[in-house]
Number of protein chains: 2
Amino acid sequence: MRITALSGGVGGARFLRGLCDVLGDDDQVTVVGNTADDIWLFGLKICPDLDTLMYTLGGGIDEQRGWGRSDETWRAQEELAAYGVQPTWFGLGDRDLATHVVRTQMLRAGYPLGEVTAALCARWQPGVRLLPMSDDRVETHILIDDDAAAGRRAVHFQEYWVGMRAAPPVRGVVAVGVETATAAPGVVEAVLEADVVLLPPSNPIVSIGTIVAVAQIGQAVRETAAPVVGLSPIVGGAAVRGMADQLLAGLGIESSAAGIAEHYGARAAGGLLDGWLVHDDDFADVERVAQLGIECAAVPLLMSDGAATAGMARAALALAARLQC
Amino acid sequence: MRITALSGGVGGARFLRGLCDVLGDDDQVTVVGNTADDIWLFGLKICPDLDTLMYTLGGGIDEQRGWGRSDETWRAQEELAAYGVQPTWFGLGDRDLATHVVRTQMLRAGYPLGEVTAALCARWQPGVRLLPMSDDRVETHILIDDDAAAGRRAVHFQEYWVGMRAAPPVRGVVAVGVETATAAPGVVEAVLEADVVLLPPSNPIVSIGTIVAVAQIGQAVRETAAPVVGLSPIVGGAAVRGMADQLLAGLGIESSAAGIAEHYGARAAGGLLDGWLVHDDDFADVERVAQLGIECAAVPLLMSDGAATAGMARAALALAARLQC
């Protein structure tokens with residue numbers, strides 16, 4: 001079976017690890033990683049979601065934090081701060097730093113991000129084919145109030161998310177460069193030729209939202225013959241992880257399992273989803289999602305351990321199988 | 001008193017620390033650092049001599065090794081090796097890495113190396129004005145035998161010195177780019193306007209040799225009204241530190257205190273030196289150096305501790321004072 005997933009960082013990566021656990025040797029997984037939260041810092045190209053996917057699936061992740069390398073130290077970062085270099089809010093570990101140095105060197109030598117990612121994965125052997133959504137630069141910026149100027153200003157998503165801890169109300173989200181970005185080599189084919197397309201429980205705006213905002217990818221998801229099944233990142237009206245609620249609220253999207261399904265829309269109506277999994281406790285949303293023309297089921301959606309996560313993967317594949325009949 | 005020194009790394013830096021110890025608050029020291037052993041590695045610009053000078057004079061050096069940061073760790077480097085990135089022979093510490101990251105970012109933003117060095121020194125406060133010899137790229141390459149090709153090949157000085165531990169016989173030394181390099185802002189003035197010009201016990205070929213090979217600097221040293229006093233890096237026929245002997249032998253230069261003085265030559269005869277200090281044990285060289293037209297004295301030249309190094313600095317200044325009379 002060929003499975004293609006569009007994924008953000010921590011939540012998506014954990015789900016995909018569970019997916020790999022339940023698949024056989026003949027199954028092939030392609031992961032299209034969000035690159036819109038990539039950032040140039042200190043002259044280095046940092047790809048948080050690709051790295052989280054690579055480290056999680058390759059056995060190098062810090063399990064507690066969910067991002068960055070295990071057994072990490074922060075000495076170079078302390079020195080950067082001692083030089084007075086900004087910003088100081090980004091978590092740049094010594095081991096992680098090597099990944100950014102290798103990536104930056106290859107990018108500056110002219111390799112596209114997809115080839116750089118493949119080179120890094122040659123070490124990590126994540127067990128999936130990991131592709132960036134695009135080789136082009138796309139950066140999500142968040143519009144927030146600028147009290148000094150009595151207006152608004154845009155900050156890079158990482159600054160908003162990590163530096164400001166998502167505190168300021170969101171007035172808008174702009175994925176700079178996404179209109180002209182093309183899908184990285186292999187991405188469109190992976191979506192069109194898949195047997196199943198999965199949307200893991202990633203952020204619907206700044207992760208999966210930016211991936212499908214690349215026109216070629218959004219079109220491929222709408223056109224593929226494969227069933228498209230997603231898993232709600234919202235459980236009981238709140239984001240399981242991260243601070244997605246503020247983002248959703250700022251964009252007028254209802255922070256519920258059904259709200260996200262509505263935002264994605266049914267493929268039959270020009271949207272993205274054929275199937276949608278909501279958490280057990282959100283069973284009341286099932287009927288509402290079904291009325292959108294999306295096959296919906298309520299299952300446990302908390303990735304509390306490997307077994308629970310594997311169960312979610314099985315449920316997603318089971319829903320896809322029902323849709324294929 | 002205005003003192004200008006042309007310096008390489010470890011030996012020069014230690015001498016200059018001793019010099020600063022014996023100077024008063026009104027004395028001003030300008031150090032022109034060799035940049036011909038600079039190297040781009042992993043997409044980062046590394047300036048070993050400037051860093052050794054900055055760390056040594058700014059209190060950040062590893063005293064045992066003589067280079068790199070105190071209390072250093074090597075985790076990023078281990079990760080680079082795990083990615084299979086070459087070379088693996090260069091010692092790249094986690095704390096040190098931050099210096100290279102800051103420098104590289106500033107260089108890529110368009111700042112010349114002199115301004116970058118000043119920015120880094122704003123943190124380290126080395127107590128001297130540290131200038132690179134040139135903002136232009138100059139790289140010392142060593143010619144060695146290439147047995148496979150039955151010919152010769154050039155390797156970067158760092159690869160020869162660190163990677164090969166200076167084992168292959170030296171067939172030639174080429175400072176690539178030095179013919180067209182111009183002195184960094186402030187360097188020529190610092191030499192011309194100095195009261196004393198010092199050549200610390202640095203390598204005469206790949207440190208001081210490449211500095212004066214920048215035409216404007218060589219000319220300034222030959223023309224300055226200040227006395228030019230050097231200290232022999234060769235004691236008892238052997239380099240005090242490092243592997244300079246092989247270099248000298250490969251170039252047909254006698255590896256002795258007098259041999260180096262002869263290589264530099266007397267200013268009166270178009271060379272670089274007015275005065276030359278040799279080690280006590282090399283007192284037999286004094287007469288030979290004097291015959292070159294260079295004022296020479298034998299004093300203790302082993303930097304065994306701070307007091308001994310301060311004594312060397314006092315001896316150099318005393319010789320300069322005699323030459324000024």
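Quick note on labels: first sequence line is chain A, next is B, and so on, each numbered from 1.
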Quiz item: Any idea how B:W124 and A:Y83 line up, ring-wise: parallel (<30°), tilted (30 to 60°), or perpendicular (>60°)?
Solution: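 B:W124 vs A:Y83 ring planes: perpendicular.
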
Quiz prompt | Residue A:D26 excluded, over 12 heavy atoms near CG under 6.0 Å | solution =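 No, the 6.0 Å shell around CG holds no more than 12 heavy atoms from other groups.
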
Side chain to side chain, [X] and [Y], heavy atoms closer than 4.5 Å:
X     : Y      : value
A:D37 : A:V206 : no
B:R69 : A:E79  : yes
B:D38 : B:P48  : yes

Verify, without hydrogens or angle tests, whether [X] (side chain) and [Y] (backbone) share a donor-acceptor contact under 3.5 angstrom.
X      : Y      : result
B:Y160 : B:P168 : yes
B:T210 : B:S207 : yes
A:T309 : A:F15  : no

Self-check item: B:T104, part contacting chain A, at a heavy-atom distance under 4.5 Å
Solution: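 Contact with chain A involves no heavy atom of B:T104 at all.
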
Quiz item: When only heavy atoms count and the cut-off is under 4.5 Å, which of residues 179-190 of chain B reach chain A?
Solution: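 Residues qualifying by a heavy atom under 4.5 Å from chain A are absent, so none.
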
Self-check item: Under-4.0 Å salt bridge between A:E63 and A:R17
Solution: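 Judged by the 4.0 Å cut-off on N to carboxylate O distance, A:E63 and A:R17 do form a salt bridge.
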
Quiz item: Is the closest basic N to carboxylate O distance between B:E72 and B:R65 below 4.0 Å?
Solution: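 Here B:E72 does not pair with B:R65 in a salt bridge, since their nearest N and O are not under 4.0 Å apart.
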
Practice problem: Select, from B:G84, B:A119, B:A76, B:A109, the one with the greatest count of heavy-atom pairs under 4.5 Å involving chain A. | Solution: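 Highest number of heavy-atom pairs under 4.5 Å: B:A76.
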
Self-check item: Selection from B:L44, B:V85, B:L120 maximising heavy-atom pairs under 4.5 Å formed with chain A
Solution: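 If we count pairs closer than 4.5 Å to chain A, B:L120 comes out on top.
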
Quiz item: Rounded to the nearest 0.5 Å, how far does CZ of A:R152 lie from CD1 of A:I142?
Solution: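 So the gap between those two atoms works out to 13.0 Å.
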
Self-check item: Part of residues 89-103 of chain A lying next to chain B, heavy-atom separation under 4.5 Å
Solution: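 Within residues 89-103 of chain A, the residues that come under 4.5 Å of chain B (heavy atoms only) are A:D94, A:R95, A:L97, A:A98, A:T99, A:V101, A:V102.
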
